[in-house]
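Single-structure report; data block below.
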Amino acid sequence: MKTPLIVLITGANKGIGLETARQLGQKDMFIFLGSRDFNRGRAAADKLMAQKIECEAVELDVTNPKTIRAAAGIISKRFGRLDILVNNAAIVLDDQKKKPSDQTLEMWRKTFETNFFGLIGVTQSFLPLLLKSKAGRIVNLSSGLASATIHTDPKGGLPKNIAAYSVSKTAVNAWTILLAAELKDTPIKVNAGDPGWVKTDLGGPDAPLEVEDGAKTSVYLATLDKDGPSGGFFKTNQPIPW
Ligand code: NAP
């Protein structure tokens with residue numbers, strides 16, 4: 001019997017992460033649903049299992065190294081490898097009524113702790129397991145708001161009042177480039193993805209995209225074949241400007 005691909009998605013108890021789990025699970029992969037609240041993760045896993053998706057909740061707070069190490073221990077013991085890591089968890093804390101320079105330093109630090117340092121910590125802990133895969137894939141959820149090119153285009157139209165979140169995602173993009181370069185002689189591919197503006201708790205009710213479409217970029221980057229790109233920034237299956 002063929003063993004399924006093993007996937008870990010952070011922040012998978014709701015939103016784009018949960019939908020990515022559903023879509024990858026439909027491709028006969030085994031999904032670990034990372035959730036900072038184990039009960040929320042288990043409720044999400046129950047929903048997916050009712051749809052015949054093979055999955056399991058695992059406690060994983062990207063700001064808590066203990067839970068990251070414990071999750072890596074669980075996956076290592078069960079499967080001895082990880083095929084796909086989707087770094088999906090993120091937060092927005094910006095006070096959008098304030099200018100970027102008026103946002104508190106504490107808020108900037110908290111945002112980076114989850115969106116940037118959390119993502120690096122998770123990646124470092126799971127890299128040994130990804131290196132045991134025949135074709136490891138790392139998907140870093142970024143945002144259109146990360147694009148320095150579009151921010152500096154006078155016609156770009158990007159909001160400038162979600163600064164800490166936007167800059168944390170620009171940092172994720174830069175990290176993606178450097179990690180892809182480091183891993184270029186391994187089978188691992190590392191890419192950043194913009195899901196688009198999606199109706200979730202983070203995206204809000206006015207977003208034009210439903211989660212089914214919002215998960216497409218992550219699914220595309222998670223399932224790249226050996227000739228696929230590494231070190232790029234994509235929306236659905238198209239490269240977008242850094
Ligand atoms: P969401 O519905 O708010 O879900 C975010 C997920 O991240 C939740 O499961 C949340 O857990 C989890 N999370 C937050 N902090 C965490 C931590 N410290 N450790 C572990 N998990 C944590 O957001 P979403 O819209 O699905 O966003 C998913 C990804 O897409 C994010 O990286 C976001 O930046 C990106 N994105 C979204 C949009 C959009 O329009 N929605 C646009 C561009 C990029 P709790 O349930 O416990 O809070």
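The chain is numbered in sequence order, starting from 1.
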Verify the cluster assignment for [X] and [Y]: are they in a single hydrophobic cluster under the rule of side-chain heavy atoms below 4.5 Å apart?
{"X": "L8", "Y": "L131", "value": "yes"}
{"X": "F117", "Y": "V62", "value": "yes"}
{"X": "L209", "Y": "W197", "value": "no"}
{"X": "V122", "Y": "I120", "value": "yes"}
{"X": "F112", "Y": "I177", "value": "no"}

**Request:** Given side-chain contact (heavy atoms from CB on, under 4.5 Å), test T3 with F79 step by step and report yes or no.
**Result:** CA-CA 10 Å; T3 51; F79 294 103; over 6 Å; no
**Item:** Derivation of the side-chain contact (heavy atoms from CB on, under 4.5 Å) call for N161 and K98
**Value:** CA-CA 7 Å; N161 60 340; K98 284 186 183 168; over 6 Å; no
**Message:** Counting only heavy atoms not in E106 (residues, nucleotides, ligands), do more than 12 fall under 6.0 Å from its CD?
**Reply:** no
**Item:** Neighbour count >12 (heavy atoms, 6.0 Å) for atom NZ, K97
**Value:** no
**Item:** Steps toward side-chain hydrogen bond (donor to acceptor under 3.5 Å, both in side chains) verdict (S35, D37)
**Value:** CA-CA 5 Å; S35 179; D37 180 307; 5.6 Å; no
Heavy atoms only: give me the nearest [X]-[Y] pair and the separation to one decimal.
{"X": "P187", "Y": "S133", "value": "CG-O, 4.4 Å"}
{"X": "N115", "Y": "S168", "value": "ND2-OG, 3.1 Å"}
{"X": "P241", "Y": "S147", "value": "O-OG, 3.1 Å"}
{"X": "T217", "Y": "K235", "value": "OG1-C, 3.8 Å"}
{"X": "A12", "Y": "A44", "value": "O-CB, 4.4 Å"}
{"X": "E19", "Y": "V211", "value": "CG-O, 3.3 Å"}

**Item:** salt bridge (Lys or Arg N to Asp or Glu O under 4.0 Å) against R42, all qualifying residues, sequence neighbours excluded
**Value:** none
Nearest 0.5 angstrom please: [X] [atom1] to [Y] [atom2], how far?
{"X": "F30", "Y": "I75", "atom1": "CZ", "atom2": "CD1", "result": "9.0 Å"}
{"X": "D61", "Y": "K66", "atom1": "CG", "atom2": "NZ", "result": "12.0 Å"}
{"X": "N87", "Y": "N140", "atom1": "CG", "atom2": "CG", "result": "5.0 Å"}
{"X": "R81", "Y": "K134", "atom1": "CZ", "atom2": "NZ", "result": "7.5 Å"}
{"X": "L85", "Y": "T10", "atom1": "CG", "atom2": "OG1", "result": "7.0 Å"}
{"X": "L119", "Y": "Q124", "atom1": "CG", "atom2": "CD", "result": "10.5 Å"}

**Request:** Identify, with sequence neighbours excluded, every residue that meets ring pair (Phe, Tyr, Trp, His ring centres under 6.0 Å) alongside W108.
**Result:** none
When you measure from the side chain of [X] to the backbone N and O of [Y], does any donor-acceptor pair fall under 3.5 Å?
{"X": "S142", "Y": "N173", "result": "no"}
{"X": "H151", "Y": "L145", "result": "yes"}
{"X": "Q103", "Y": "D95", "result": "yes"}
{"X": "K199", "Y": "A207", "result": "yes"}
{"X": "T152", "Y": "T149", "result": "yes"}

**Asked** So L178 and E182, side-chain contact (heavy atoms from CB on, under 4.5 Å) or not? Walk me through it.
**Response** CA-CA 6 Å; L178 299 185; E182 174 186 328; over 6 Å; no
**Message:** Could you walk me through whether V172 and F116 satisfy the side-chain contact (heavy atoms from CB on, under 4.5 Å) test, starting with their C-alpha distance in whole Å, then the side-chain angles of each, then the deciding distance to 0.1 Å, before giving a yes or no?
**Reply:** CA-CA 6 Å; V172 166; F116 184 61; 4.2 Å; yes
Taking the side chain as C-beta and beyond, is there a heavy-atom pair between [X] and [Y] under 4.5 Å?
{"X": "D94", "Y": "M107", "answer": "yes"}
{"X": "F32", "Y": "L60", "answer": "no"}
{"X": "D83", "Y": "R137", "answer": "no"}
{"X": "K27", "Y": "Q23", "answer": "no"}
{"X": "T20", "Y": "I16", "answer": "yes"}
{"X": "S76", "Y": "L129", "answer": "yes"}
{"X": "P229", "Y": "K189", "answer": "no"}

**Prompt:** In the hydrophobic clustering (ILVMFWY, side-chain contacts below 4.5 Å, transitive), which residues join L18, or is it alone?
**Reply:** L5, V7, I9, L24, M29, I31, L33, L48, I53, I84, V86, V139, L141, V219, Y220, L221, L224, F234
**Among L82, L183, T186, side-chain contact (heavy atoms from CB on, under 4.5 Å) partner for L127** = L183
**Item:** Ion pair check, R109 and E113, cut-off under 4.0 Å
**Value:** no
**Asked** For the residue pair W242 and F233, does the interplanar ring angle fall in the parallel (under 30°), tilted (30 to 60°) or perpendicular (over 60°) class?
**Response** parallel
